[in-house]
Amino acid sequence: MTAFRSLSTAMFKGFFRERTALFFAFLMPLMFLVIFGLIFGNSSGNKTKIGVVGDGPVVTALSQSGALDVQRYDSFDAALQKVRGGDLPAALAVRGNEIELRYAASDTVAAGTVQGVVGAVVDKANLAATGRPPLIRLDSGQVEDSSLSAIQYLTPGILSWGLATSAIFGAALTLVNWRKKQVLRRIRLAPVGTGTVISSRLLVTVGVSVLQAVLFVAVAMTPVFGLKLAGQWWLALPLLVLGSLSFFSIGVLVGSFAKTEEAATGITNVIVLPMAFLSGTFFPLQNAPGWLQAVSQVLPLRHLNDGMVDVLVRGKGIEALALPSAVLIGFTLVVGFAASRVFSWEDS
Amino acid sequence: MSGSTIVADGLRKRYGDLWAVDGVSFTVGEGEFFGILGPNGAGKTTTLEIVEGLRRPDEGTVLLLGESPWPRNPKLLPRIGVQLQASSFFERLTAREQLETFASLYGVSRGTAADMLELVGLADKANTRENKLSGGQRQRLSIACALIHDPDIVFLDEPTAALDPQARRNLWDVLRAIRERGKTIVYTTHHLDEAEVLCDRVAIMDRGRILAMDPPATLVRGLDAPTHVMVERGLLTVAQATELPGVDEARDDGVSLTLSTRRPAVVLSTLAERGALDGLQVRGATLEDVFLELTGREYRA
């Protein structure tokens, strides 16, 4: 076996034999997926409710519109009671061709929504009854893939964050631990080049990243989460590798100047958490001030994130890889060079 | 010396204001078991690190097998085996996997791992992970890792430190077995008794300097220290004992009667004539006495 292969094997074994590392690499991102899925995923909970008494084409159309959460009531009085009590924004009763709508003006947003939706449905029914074609046609639709839901945005973000965390921690802690336990020194005393040592660790980082991504996407694609991949999802692979490279370079830089595992952990946290927030991993950056968005442009996580959303979800082609790849490669070169300057085999 | 495997000449190394190594010169011949002794902080490890090529001396030169180990000399690396003070294992690998990994770093076949486990008496621990090994087993595995590529020179830095007496004895057997393979061994220790048993030649270091360098027996004999003859108390009184020919001093500590002499033959035969040899123990000087003589202080590791 070559030194490269055996060093990689040794590190893979060391990694897979540690439960904590496995948890952070594989389960933690899934945990975040569940948590954020619960927070953002259940969008029907955000719909405005309306109490309905009676039946007819208008009620059917309301139910099908998906804009309101239609709840049936036996008597209009009972529904009105709820509206007055503030438990329901509005109530609607159908008596033949008469439709009575009552709303609580205290909640202006809900009141506006209910009036708008009910008015539109009633107008449409009236228009249909005349048998005339509409004068003005409205064609509306969302710009994203029709299957788009919260999970589509969450998955690439959380995945990128998961990759960043385990790649940076992994590289930094290995270096610090090896220096402290004199494994680096021991390797230095064997006829093995620095390139072999670094590249074998890099192989482990990339390998773990790919495994993380496969597991994470596989779970996200189960019906529970319902992720749907865009056609050219495999374009995410080169991004994944380049992203791992740039995180690896951060890890090596941290591991080069941190003296203890505790210091390495602290420094890594200080890097990863702000980077995750600034990169729009957990929530979008649109409302952030301009200068903050500018700062986020130098972060590898930001570009990995953007690139992944583009190819995994938005269905963009290979051209979407150009900018993220360029930034990731550039970042790796700059940070990697810095790491090579501060790297030391020995503690003192 | 012809066939000198190691030649260190005038080594000096300074840390801040302190000369950790202050003018150290020695040579080690092929197949020799050479010990560097001294208390903690004497400069043993730094000396070893300079010789191994891990540190650059501020002054002086080192030649290993005719080559300079500094800067890192890849030609030399396969010919030296180093056991470091930290056990420097790969995390969570078994004993065999450690050896196989190190074997491949030297391009040695993985089969060698089994031989090495046998040599250091860890064959039954082949599948045990490094963190489950005892202190003595870790040290033996660490030595096996240093030997995996069959080097000509083996450097061992305090291999018996922090081991219990039984583990130390086991390790001695390993060290003797290595020596029988014809390796040149340089090792540091602060156990003077151990060096006396194992080494062909020792250098006693203190405060960065070599105070004496010779075979242990030569150093001890050179002391001209008295021999202590001990017998059960009650066979003779202190007064009687002091009268005996050859006895310089007699002492009764409540358990034994101890006679100091520079003519042990005379004292022993006199005691034999009187039938007063019950519980006999004879103790010559040790390297600790040598250290005391050289430094004027009691030896403390």
Side-chain angles (χ1 to χ4, degrees), chain A residues 1-22 25 169-201 203-204 208 255 259-261 264 343-348, chain B residues 15-16 20 45-46 48-49 51-56 69 71-94 96-111 113 129-132 138 142 145-146 148-149 151 153-155 157:
Chain A
M1 243 197 325
T2 65
F4 172 74
R5 263 182 60 194
S6 72
L7 276 178
S8 313
T9 312
M11 282 185 272
F12 266 118
K13 280 183 179 164
F15 174 78
F16 282 104
R17 286 175 188 174
E18 201 201 11
R19 294 213 183 96
T20 324
L22 293 179
F169 271 107
L173 289 181
T174 303
L175 263 186
V176 171
N177 181 278
W178 279 17
R179 192 183 301 111
K180 226 173 75 177
K181 285 175 60 191
Q182 300 194 339
V183 176
L184 277 185
R185 175 185 265 206
R186 187 63 188 76
I187 293 175
R188 190 93 177 117
L189 283 165
V192 180
T194 315
T196 309
V197 181
I198 292 285
S199 59
S200 58
R201 186 62 189 82
L203 179 76
V204 174
V208 170
K259 297 270 182 256
T260 63
E261 275 106 336
F343 176 81
S344 67
W345 290 88
E346 303 272 342
D347 252 335
S348 51
Chain B
Y15 295 127
T45 297
T46 307
L48 204 61
E49 285 171 349
V51 176
E52 291 161 351
L54 285 169
R55 285 190 200 283
R56 177 188 203 157
R72 187 171 179 262
N73 185 341
K75 251 197 329 199
L76 209 46
L77 296 176
R79 302 188 62 187
I80 64 173
V82 177
Q83 184 240 355
L84 301 168
Q85 244 177 46
S87 23
S88 52
F89 295 133
F90 293 99
E91 284 177 297
R92 290 176 288 282
L93 293 197
T94 66
R96 182 191 289 119
E97 288 167 339
Q98 304 283 355
L99 284 166
E100 287 173 351
T101 307
F102 278 114
S104 71
L105 295 186
Y106 289 91
V108 175
S109 100
R110 296 155 59 89
R129 289 194 195 166
E130 48 85 24
N131 53 336
K132 304 276 183 222
R138 286 172 72 83
S142 184
C145 290
I148 191 82
H149 54 292
I153 311 175
V154 185
F155 295 99
D157 197 2

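These numbers were taken from a predicted model, which means no experiment stands behind them. Protein chains get the first letters and strands the later ones, always in sequence-line order, with residue 1 at the start of each.
Put simply, of Gln182(A), Arg17(A), Lys180(A), the one with the most heavy-atom pairs under 4.5 Å next to chain B is Arg17(A).
Residue Trp345(A): no heavy atom, backbone or side chain, is found under 4.5 Å from chain B. Heavy atoms closer than 4.5 Å to chain A are found in both the backbone and the side chain of Thr94(B). Of the two parts of Glu97(B), only the side chain, counted from C-beta on, holds a non-hydrogen atom closer than 4.5 Å to a non-hydrogen atom of chain A. Tyr15(B) does not touch chain A: none of its heavy atoms, backbone or side chain, sits under 4.5 Å away. Contacts of Ile187(A) with chain B are made by both backbone and side-chain atoms, with heavy-atom separations under 4.5 Å.
In this structure, Phe90(B) and Trp178(A) have perpendicular ring planes: the angle between them is above 60°, well past the 30° mark.
Because its NZ or CZ atom is not both nearer than 6.0 Å to the ring centre of Phe89(B) and within 45° of the ring axis, Arg138(B) does not count as a cation-pi partner of that residue.
Counting heavy atoms of neighbouring residues, nucleotides and ligands inside a 6.0 Å radius, atom CZ of Arg56(B) does not exceed 12 of them.
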- Could you walk me through whether Gln85(B) and Thr45(B) pass the side-chain hydrogen bond (donor to acceptor under 3.5 Å, both in side chains) check? CA-CA 9 Å; Gln85(B) 244 177 46; Thr45(B) 297; 3.0 Å; yes

- Given side chain to side chain contact (heavy atoms under 4.5 Å, CB included), test Ser200(A) with Met11(A) step by step and report yes or no. CA-CA 8 Å; Ser200(A) 58; Met11(A) 282 185 272; 3.3 Å; yes

